[in-house]
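Report on the structure given below.
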Amino acid sequence: MNFLGYALELFTFDNLLWLTIGSVVGSILGALPGMSATTGIAIFLPVTFGLEPVTGLITLAAIYVNASFGGNITAVLINTPGTDDSLFMTIDGYPMTVRGEGLKAIGVTTFSAFIGGIVGGLALLFIAPPLAQIAIKFGPVELFLTTMMGIVIIVGLSKENMLKGLASASLGLLCSVVGYDGITGKSRFNFGIHEIYDELPLLPVVLGLFAVSQVLIMVSEDQESIAIDNSSMKGSPFLSAKDHLHILGANVRSAIIGTLVGIIPAAGTTVAAGISYNLTKKLDPHPETFGKGNERGLACVSAANNGVVGGSLVPLLTLGIPGNGTSALFLGGLLIHGLAPGLQLFTASADVAYGLIFGLLLSNVFILIIGLFGAPLYARVTIIPKSVLIPVVGAFCVLGAFTYRNLIFDIYLILFFGFIGFYMIKGNFSMAPFVLAFVLGKTSEINLRRALALYGADMWTALLKPIPLLLLTVNIVFLVSPFWGDIKKLFKKS
């Protein structure tokens, strides 16, 4: 395979120009609440029709890669996830900013996202077909057990305060069942409100919990800016060799997890980030520092999120099965140019297929450029007086909520969840369990009911097959591992 030749073909003026445009547009859309990679690809699909196939597809790849990263910046600096992909960035990223390490936090999330993207891209390049063959075997049972990994992780995240963690998760599960029933198609628990007939929309809920609640916190506190000592401009986003070594293991491990989870249809970044965060916390010598600005905690979710990008394109390019909503739009980009996923794409149109993959890898370089060289500018947000920042962030929240579905109702929705988030923060309730349960609750329920309808009394037979048995074992390990230290102590006493 002439990999070098396909890679060198990328370095034309048109390809590099559109790669740059896609990267910049993706980063901006990712950072703006309410916007996402899906929005960017939808906007640029008609534009790419007039371009050469390789040029058009690497433009979409650049938008996808950099939008997945762009939301990290606002999540880390002002606790406002630009996209739902960057939810977990707020857990350890924002506390780093508050204690005056805004530049370092941007550096950590930038390098980690780069590593995640590269690992995902290399998986797409070298091991796409065999991995896709495994993903195609995932039915309702396997998908249920995969999403359950994300929900079981709640136990680990809540170990320090189990009652509050489970209360937060229970509220998330209750919110997830609002709207249509995925099996019967009937709407439920909507209280006669037509705007939530189908579901409680994810982005307004998330913006309310994380962003609006933070605006209310800023209003209630006397600080002049986000950073406690106005020193978030100190340091550098360029990490030292020691810092890189400190987060290297978490980065590589989480990038691989993100890639594998991305390959599984409908699993997505929430599962990848949750599994990576929980595992990194378990392996860290100081797990009590997670949620308080732990660098590995930020690194692992950044790497996992961008690993999902490459992973989600594996089943798409090899089998025509989109791994998530954004890659489904990517399928539209292929079809526009008369290309069909599958073996023929890698043989008859090998120049396009491998050009796209190398374009995806090159797009990750722009993460470093945009993240590291723009960091001093971004970090200035944390020393802007709150009298200026509060109305600006509030306006972006309102705009993001409205543009998601173009409904005024969603503005009221973010205010409602903003107050819930405010009192959760004041009451020391973690919002991570809520988000995991809310995002994965409906998917888990649908796949469980499909599995029960399909297998009925033979459900145990289905669970004893190799893949379900492996996934069930992983779930049990995740469930028991938070208490392993306590279990060993009990055995020692006895």
Approximate separation, where rounding is to 0.5 Å, of [X] [atom1] and [Y] [atom2]:
X: N447; Y: F144; atom1: CG; atom2: CZ; answer: 8.5 Å
X: L19; Y: F11; atom1: CG; atom2: CZ; answer: 9.0 Å
X: S276; Y: N305; atom1: OG; atom2: CG; answer: 8.5 Å
X: T280; Y: I275; atom1: OG1; atom2: CD1; answer: 11.0 Å
X: L362; Y: L16; atom1: CG; atom2: CG; answer: 7.0 Å
X: I367; Y: L372; atom1: CD1; atom2: CG; answer: 10.5 Å

So do [Y] and [X] actually touch side chain to side chain, heavy atoms under 4.5 Å?
X: L239; Y: K104; value: yes
X: I408; Y: F402; value: yes
X: F366; Y: V65; value: no
X: L313; Y: I357; value: no
X: L470; Y: L145; value: no
X: F417; Y: C175; value: yes
X: E199; Y: V178; value: no
X: L283; Y: R253; value: yes

Are a donor atom and an acceptor atom from the side chains of [X] and [Y] found within less than 3.5 Å of each other?
X: N15; Y: T55; result: yes
X: N306; Y: S68; result: no
X: S363; Y: Y64; result: no
X: S444; Y: T147; result: yes

Sequence neighbours excluded, which residues qualify as side-chain hydrogen bond (donor to acceptor under 3.5 Å, both in side chains) partners of [X]?
X: T48; value: none
X: H246; value: R296
X: T109; value: N72, S302
X: N364; value: none

Audit row: V119, F114, side-chain contact (heavy atoms from CB on, under 4.5 Å) steps and yes/no: CA-CA 9 Å; V119 170; F114 170 75; over 6 Å; no
Carboxylate-amine/guanidinium proximity below 4.0 Å for R405 and E195: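 No salt bridge links R405 with E195.
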side-chain contact (heavy atoms from CB on, under 4.5 Å) between I58 and F358, worked out: CA-CA 8 Å; I58 64 174; F358 282 113; over 6 Å; no
All ring pair (Phe, Tyr, Trp, His ring centres under 6.0 Å) counterparts of F238, not counting sequence neighbours: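 Applying ring pair (Phe, Tyr, Trp, His ring centres under 6.0 Å) to F238 gives F373.
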Residues forming a ring pair (Phe, Tyr, Trp, His ring centres under 6.0 Å) with F111, sequence neighbours excluded: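 With sequence neighbours excluded, F111 shows a ring pair (Phe, Tyr, Trp, His ring centres under 6.0 Å) to H244, given in chain and number order.
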If you take all heavy atoms of [X] and [Y], which pair is closest and at what distance?
X: E295; Y: D243; answer: OE1-OD1, 4.1 Å
X: T97; Y: A105; answer: OG1-CB, 4.4 Å
X: L57; Y: V352; answer: CD1-CG1, 3.5 Å
X: I370; Y: S27; answer: CD1-OG, 3.2 Å
X: P95; Y: G291; answer: CG-O, 3.8 Å
X: A272; Y: I257; answer: O-CG2, 4.1 Å

Stepwise side-chain contact (heavy atoms from CB on, under 4.5 Å) test for L334 and L317: CA-CA 9 Å; L334 286 171; L317 297 183; 3.8 Å; yes
Y180 atom OH, neighbour heavy-atom count above 12 within 6.0 Å: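 Open.
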N294 side chain vs G297 backbone, donor-acceptor pair below 3.5 Å: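 Checking the backbone N and O of G297 against the side chain of N294, a donor-acceptor pair under 3.5 Å is found.
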Check: N278 side chain, G274 main-chain N or O, donor-acceptor pair, under 3.5 Å: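 Between the backbone of G274 and the side chain of N278 there is no qualifying donor-acceptor contact (under 3.5 Å).
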Working for side-chain contact (heavy atoms from CB on, under 4.5 Å), residues T59 and I21: CA-CA 8 Å; T59 304; I21 291 171; 5.7 Å; no
Check: F290 ring centroid to Y277 ring centroid under 6.0 Å: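 Ring centres of Y277 and F290 closer than 6.0 Å.
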